[in-house]
Amino acid sequence: MSARTRDLPRRSCLSVPGSSERFLQKGPSVPADMTFLDLEDSVAPLEKEAARAKVVDAIKNLDWGDRTLCVRVNAWDTEWTVFDIIEVVGNAGERLDEIMLPKVQSAAEVVAMDMLLTQVEKKAGLPQGHIGIEAQIETARGLINVEEICAASSRLETIIFGPADFAASMEMPVLTGGVQIPDYPGDHFHYVFNKILMAGRANGLQVIDGPYLYVRDPEGFRDYCKRTRTLGYDGKWALHPDQVTILNEVFSPTQEQFDKAHAILEAYEKATTEGGAGERKGAVMFGEEMIDEASRKMANKFVTRGTRAGLQRSAG
Ligand code: GLV
Ligand code: MG
């Protein structure tokens, strides 16, 4: 796993079609935490091979700042995966942080990608283990195997839900993936969101929600983002620059939450360490609520996320 990107934020993960020179040129100007240059489903089959060189050129010659930079390769059931890796990882240099593997169905697919990356890194003179892996869960089999998939390689950085392919794999009677279905009383993806989140967290991975396809509906998007944000996801995909702005806001703690989290950590530290033998307390009142070790863990998450998002504690 790339040490550089392990702790970086992934509130907004921007998809850029690798066959479009126009979109590749525009990519660096969009302030996404993570950007992936796509060789998979946003690229027409007849453009796949030519897109590899365009992607390499964009990685080497454009200034992507300090964002996490990723390439999504084609899935193992195509004729492209190995050649995507050889051409892109073999030529892109160290600025490429990670590879996204779509439609992952089993741990073996991640292990195979890890071994292929090891060989290509060696041949290209890259540091061993430099390239991280982001794995997409977007088939019924992938969801069944998500726990073993999340534990399959030390290169794994994130696990991602792909709602469009997942809806297709489950043969759901919908024509748009990743949006609310008014006929369903509740959230039809609630189980899926939680299953992926638990598997990811149990293995120390960041957990990311996939695309929302109504790209001209910012308010619907904002509303939909709150589902996975509330469950604990780290971020979500953006298909358009306007979605990036909303994601960076929705997936950051507010200043008030950030300040409160700092105050909880301070109060807890004081309660657990100050005083003589028998006076130190594990649980203490903080305003109207009782805080303890679990509160410290919750507060720590807000502080980590807020710090990653560039927040600073308010004075006083
Ligand atoms: C993303 O790849 C999706 O299928 O939703
Ligand atoms: Mg997909």
Side-chain angles (χ1 to χ4, degrees), residues 10-20 23 32 34-45 47-48 51 55 68 70-78 80-81 84 98-106 109-110 113 133-146 149-150 156-181 187-197 199-200 205-215 217 220-221 224-225 227-229 231 233-240 243-244 247:
R10 286 184 179 79
R11 296 166 303 174
S12 48
C13 304
L14 177 70
S15 168
V16 176
S19 52
S20 164
F23 284 128
M34 176 273 202
T35 298
F36 68 94
L37 314 183
D38 192 20
L39 297 175
E40 205 224 12
D41 283 357
S42 69
V43 174
E47 297 287 336
K48 297 261 186 206
V55 161
T68 299
C70 178
V71 171
R72 179 166 73 165
V73 297
N74 289 283
W76 280 121
D77 62 353
T78 68
W80 296 301
T81 324
D84 287 346
E98 50 185 33
I99 287 297
M100 188 188 297
L101 185 60
K103 301 182 180 72
V104 177
Q105 311 245 40
S106 67
E109 294 191 13
V110 177
M113 177 54 67
I133 297 176
E134 301 215 7
Q136 278 188 279
I137 299 297
E138 41 185 359
T139 62
R141 185 147 305 283
L143 188 67
I144 288 170
N145 292 330
V146 65
I149 289 169
C150 285
L156 277 165
E157 301 199 16
T158 72
I159 190 84
I160 306 163
F161 176 47
D165 271 303
F166 189 76
S169 168
M170 294 291 277
E171 302 184 25
M172 292 170 66
V174 293
L175 289 170
T176 310
V179 297
Q180 174 64 0
I181 299 178
D187 185 338
H188 61 293
F189 281 147
H190 183 70
Y191 169 75
V192 182
F193 285 149
N194 265 314
K195 186 166 163 94
I196 293 175
L197 180 64
L205 306 184
Q206 289 198 29
V207 184
I208 309 294
D209 188 14
Y212 179 85
L213 302 175
Y214 292 137
V215 288
D217 174 19
F221 178 68
Y224 200 78
C225 291
R227 291 160 194 256
T228 44
R229 193 258 332 248
L231 292 175
Y233 277 55
D234 295 281
K236 181 169 170 65
W237 281 16
L239 303 178
H240 186 278
Q243 293 188 333
V244 169
L247 288 172

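Just follow the structure's listing: the first ligand is 1, and inside any ligand the first atom is 1.
With hydrogens and angles disregarded, a donor-acceptor distance shorter than 3.5 Å links the side chain of Asp84 to the backbone of Asn74. The closest donor-acceptor contact from the side chain of Glu47 to the backbone of Val43 lies at 3.5 Å or more, if one exists at all.
Between Gln136 and ligand 1, an N or O atom pair is found at a separation short of 3.5 Å. Checked against a 3.5 angstrom limit, the closest N/O atoms of Pro163 and ligand 1 fall inside it.
Looking only at heavy atoms of the protein, atom 3 (C) of ligand 1 is closest to Glu138 OE1, 3.4 Å. Scanning the protein heavy atoms around atom 5 (O) of ligand 1, the nearest turns out to be Ala164 N, 2.8 Å.
By the criterion of a heavy-atom distance under 4.0 Å, neither the backbone nor the side chain of Pro102 is placed next to ligand 1.
Under the 4.0 Å criterion applied to side-chain N and carboxylate O atoms, Lys103 and Asp77 are not assigned as salt-bridge partners.
Counting the atoms of ligand 1 from 1 in the order shown, those under 4.0 Å from a heavy atom of Asp165 are 3 (C), 4 (O), 5 (O). For ligand 1, the atoms lying closer than 4.0 Å to a non-hydrogen atom of Arg72 are 2 (O). Taking every heavy atom of Trp237 and a limit of under 4.0 angstrom, the matching atoms of ligand 1 come to 1 (C), 2 (O).
Of all heavy-atom pairs between Tyr233 and Phe193, the closest is OH-O, 2.6 Å.
Taking backbone and side chain together, Asp41 holds no N, O or S atom under 2.8 Å from the Mg ion (ligand 2).
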Problem - Audit row: Leu14, Phe23, side-chain contact (heavy atoms from CB on, under 4.5 Å) steps and yes/no - result: CA-CA 11 Å; Leu14 177 70; Phe23 284 128; over 6 Å; no
Exercise for the section: Evaluate ring-ring contact (aromatic ring centres under 6.0 Å, His included) for Phe161 paired with Phe189, printing each intermediate quantity in order. Expected result: CA-CA 10 Å; Phe161 176 47; Phe189 281 147; 5.0 Å; yes
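Checking Glu134 against Thr158 by side-chain atom types alone, a donor-acceptor pair falls below 3.5 Å.
Looking only at its N/O/S atoms, Glu138 has OE1 as the one nearest to the Mg ion (ligand 2). Asp165 contributes atom OD2 as its closest N/O/S atom to the Mg ion (ligand 2).
None of Pro102, Ser169, Pro163 except one satisfies the side-chain contact (heavy atoms from CB on, under 4.5 Å) rule with Glu138; the exception is Pro102.
A heavy-atom separation below 4.0 Å is found between Pro211 and ligand 1.
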